[in-house]
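Down below is the structure, laid out as structure tokens.
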Protein chains: 2
Amino acid sequence: MASVSLRRAARISAILELLAENRSLNASELALEFGVSAATLRRDLQMLEDQKLLSRTHGGALAHDVAYELPIRYRGGRERDKKRLIAAKAAKLLPHGPLTVGFSGGTTTSEVARIISDRVDVTIVTNALNIAADLALRPRLKVILTGGVTRPQSYELVGALAEQTLRDLHIEVLVCGVDGITASTGLTTHDEVEAHTNRTMIQRSKRIIVVTDGSKVGRTLLARISPVDVINDLVTDSSADETELEYLRAAGVRVHIVADPGESD
Amino acid sequence: MASVSLRRAARISAILELLAENRSLNASELALEFGVSAATLRRDLQMLEDQKLLSRTHGGALAHDVAYELPIRYRGGRERDKKRLIAAKAAKLLPHGPLTVGFSGGTTTSEVARIISDRVDVTIVTNALNIAADLALRPRLKVILTGGVTRPQSYELVGALAEQTLRDLHIEVLVCGVDGITASTGLTTHDEVEAHTNRTMIQRSKRIIVVTDGSKVGRTLLARISPVDVINDLVTDSSADETELEYLRAAGVRVHIVADPGESD
DNA sequence: CGCGAAACGCGCATATACGAGCAATTGAGA
DNA sequence: TCTCAATTGCTCGTATATGCGCGTTTCGCG
């Protein structure tokens, strides 16, 4: 399976990945590794330089000041399947009929957004650049993006501008991704300005569904978004700590667990 | 309506299934496996790409979620070279030092944005989703995106929300793409709500640089953005109609022409 | 400072893939 | 059964990806 000759797109992505780890790389070594001629590899590097994703040097390339990790965050097959299951479950929680649904940033929320993009009767509100870019292509969907300053690490729009935009919007159901959740400290994330924007989004929403994989349950991070009593549902997987889930249930959160094989309801 | 044959439906779902497992597919192998011609399989892939379920590459296809992250948008051919020259010239018109630059949507403006993405001292304001997504990877750059409703055709954010966001911003230099420009009717574009948003952006800007290829010069389209007297510079190529350019100069526009070989200043 | 090796850019050649149009075939409904 | 649209395969001209060769540039080392 690994012997499949990599086509260009795969090479490009591999190059970017390598560049994220080592700050520089050697062209001839790479050519050997990929099994292509030096000319081809040079062309790849040339193209990436055109996109300003790296600087070429003699014999290789140097990393640019770019968040390379971001584009490749979908690695890890099993992880992704888990997120998909969570997303599918969350999508089922959304009511039928015309609906305004909000999405915060995060990989799991993006999956949910993709799933419901089939629907023709929903309006999407989000501060996630990748979700908007993805859904903007579907002409039948109305996608509203908040303004704001881009945060490279998460592709989210944050800041006063984002919050000001949200002030005029009302969201019926919000699908919210978090980096940590406990019954005692609530929803938390790494960045405090992101937390603030997410809090605003929560305040503008009538119903909150939190999606997050099990590893985040019981975890507390730097910035608090909100206490748990504002949220209605939590969708996570079976790796979540059971004790913490019990606390959350006691706090009034409807907890939905998806299992690895497949859950009915 | 259009009934899909059983065979085809089966093929399509098989393709999607395979794509979910492996992130990429080889077209010719698939054709062999299904026992259909390459042309048929290409049509299948084409159809799935139209539905945004995957991204095609040469010789196969990539899962959509993998692809939208990669810089697989280096298409454009000769047209693109011309736009690049225009973009390079426009970028040179930007003053040195700290600066707030605005960008409207359009392929040429996107090129300008990419060129200046090296600079560390600029703040970018834009309503173009693709520009923001591109530049969001650069941690040293401050990128502000207006809010608004996405327009699938142009990747721009438009509408009242966008204009409200712009009200609080001041742009020093705006790089603006248009679909038509004449001295008599001014700047025009296809869509009237897009025109309105662009007009707002122009009003918030101190200096306006219009970039557009020569074919748009002398052309008038449905929706007027603004008369020409608000703009300071026009950058276009030598295919522009000389008479119209003369009118524009007479109207006070500084006209910059890039030639196919290479222009000094 | 000069020299050789490696890397580079450019042009050419080739295999594969692509899109559009046309013809044959299939299949579903009247 | 008959008809018509959908599906499929084929061909042809074009585009893309890749490799190779050659003259030039750059880098490292004595």
Side-chain angles (χ1 to χ4, degrees), chain A residues 3-16 18-19 22-51 53-63, chain B residues 1-16 18-19 22 24-64 66-67 70-85 88 107 260-262:
Chain A
S3 64
V4 196
S5 91
L6 300 172
R7 68 188 77 278
R8 187 150 195 220
R11 255 194 345 260
I12 303 276
S13 115
I15 291 172
L16 290 176
L18 285 170
L19 212 50
N22 328 353
R23 297 285 301 167
S24 70
L25 36 86
N26 178 304
S28 48
E29 284 177 15
L30 270 188
L32 210 73
E33 187 172 336
F34 292 138
V36 297
S37 76
T40 297
L41 201 107
R42 247 182 272 127
R43 277 185 276 245
D44 289 345
L45 295 179
Q46 172 89 54
M47 196 263 289
L48 290 171
E49 187 180 43
D50 283 352
Q51 315 262 334
L53 292 171
L54 53 77
S55 306
R56 299 193 55 191
T57 62
H58 292 246
L62 283 178
Chain B
M1 290 246 323
S3 54
V4 182
S5 93
L6 258 183
R7 276 199 179 154
R8 188 161 189 203
R11 246 192 354 258
I12 303 253
S13 54
I15 290 173
L16 288 176
L18 284 171
L19 201 59
N22 329 4
S24 66
L25 298 175
N26 179 308
S28 46
E29 282 177 16
L30 269 189
L32 211 74
E33 189 170 336
F34 290 135
V36 297
S37 76
T40 298
L41 202 107
R42 247 183 275 126
R43 276 185 278 246
D44 290 345
L45 294 180
Q46 171 89 54
M47 201 254 289
L48 290 171
E49 186 179 44
D50 287 346
Q51 296 183 18
K52 318 293 179 200
L53 294 171
L54 53 76
S55 298
R56 300 188 58 190
T57 65
H58 262 237
L62 290 172
H64 186 245
V66 177
L70 292 177
I72 316 277
R73 45 191 130 78
Y74 46 90
R75 48 186 171 254
R78 294 170 300 288
E79 270 316 299
R80 168 128 198 243
D81 288 342
K82 197 181 283 182
K83 285 175 198 290
R84 280 195 160 180
L85 284 171
T107 53
D260 297 285

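Order of the sequence lines fixes the chain letters, A, B, ..., with proteins taken first and strands second; residue numbering starts at 1 for each chain.
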Salt bridge (charged side-chain N to carboxylate O under 4.0 Å, His left out) partners for B:R42, two or more places apart: none
Heavy-atom neighbours of A:R56 CZ exceed 12 at 6.0 Å: yes
Rounded to whole Å, CG of B:L41 lies from P of C:dT16 at a distance of 18 Å
How would you list, by chain and number, every residue that makes a side-chain contact (heavy atoms from CB on, under 4.5 Å) with B:L25, sequence neighbours excluded? B:I15, B:L18, B:L19, B:L30
Measuring from A:Q46:CD to A:L54:CG, what's the distance to the nearest 0.5 Å? 10.0 Å
Contact list for residues 23-39 of chain A, test salt bridge (Lys or Arg N to Asp or Glu O under 4.0 Å), sequence neighbours left out: none
The bend of the helix from C:dC1-D:dG30 to C:dA30-D:dT1, taken between the axes of its five terminal pairs at each end and rounded to 10°, is 40°
B:I12 atom CD1 is separated from D:dA6 atom C1', nearest whole Å, by 13 Å
Tabulated below should be each protein N or O lying under 3.5 Å from an N or O of nucleotides 8-12 of chain C; please produce it.
{"unit_1": "C:dC8", "atom_1": "OP1", "unit_2": "A:T57", "atom_2": "O", "d": "3.3"}
{"unit_1": "C:dC8", "atom_1": "OP1", "unit_2": "A:G59", "atom_2": "N", "d": "2.8"}
{"unit_1": "C:dC8", "atom_1": "OP2", "unit_2": "A:R42", "atom_2": "NE", "d": "3.4"}
{"unit_1": "C:dG9", "atom_1": "OP2", "unit_2": "A:R56", "atom_2": "NH1", "d": "3.3"}
{"unit_1": "C:dG9", "atom_1": "N7", "unit_2": "A:R42", "atom_2": "NH1", "d": "3.2"}

Using atom CG of A:L62 as one end and atom C1' of C:dA7 as the other, report the distance to the nearest whole Å. 15 Å
What pairs with B:S28 under side-chain hydrogen bond (donor to acceptor under 3.5 Å, both in side chains), at least two apart in sequence or on another chain? B:N26
side-chain contact (heavy atoms from CB on, under 4.5 Å) involving B:R43 - partner list, sequence neighbours excluded: B:R8, B:A39, B:T40
Rounding to a whole Å, what distance do you find between B:E29:CD and C:dT16:C1'? 14 Å
Can you name the side-chain contact (heavy atoms from CB on, under 4.5 Å) partners of B:A27, sequence neighbours left out? B:L41, B:L45
Take B:R11 and A:D44, find for each the nucleotide of DNA chain D with the closest heavy atom, and name the residue whose nucleotide sits nearer the 5' end. B:R11
B:S37 has a side chain; which of D:dG19, D:dG9, D:dT7 sits nearest to it? D:dG9
Sequence neighbours excluded, which residues qualify as side-chain contact (heavy atoms from CB on, under 4.5 Å) partners of B:N22? none
Separation of C:dA17 atom P from B:L25 atom CG, nearest Å, is 14 Å
With respect to the side chain of B:T40, which nucleotide from C:dA17, D:dG9, C:dA7 is positioned closest? D:dG9
What is the distance, rounded to the nearest whole Å, between atom CZ of A:R8 and atom P of D:dT18? 6 Å
